[in-house]
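The shown structure was predicted, so the numbers you read here are calculated from the model rather than taken from an experiment.
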Amino acid sequence: MNLEDEVQWMRLRVVALETKASEAQRQIRALSWGVGLLLAIACADVIRMFVG
């Protein structure tokens with residue numbers, strides 16, 4: 001494999017890794033929203049126990 005082929009292969013690999021990182025960030029954001037929602041529900045239940 002010559003140098004140009006290696007460079008092209010590395011560029012493709014970088015694009016693939018960037019795509020995976022972008023997908024992982026999207027999933028983390030979705031997960032954090034889900035955790036936040038569950039935390040809000042749990043807090044509301046605790047407040048309802050003491051108030052109600």
- Examine distances only and state if a side-chain atom of T19 and a backbone atom of V15 form a donor-acceptor pair shorter than 3.5 Å. yes
- Say you draw a straight line from CG of L37 to CD1 of I41; how long is it, rounded to the nearest 0.5 Å? 4.0 Å
- Query: When rounded to the nearest 0.5 angstrom, what distance separates CE in M10 from CG in D5?
  - Reply: 13.0 Å
- Message: Nearest 0.5 Å, please: how far is CG in N2 from CD in Q8?
- Response: 11.0 Å
- Message: Apply side chain to side chain donor-acceptor pair (under 3.5 Å) to residues Q27 and E23 and explain how you reach the verdict.
- Response: CA-CA 6 Å; Q27 289 178 353; E23 177 64 19; 3.1 Å; yes
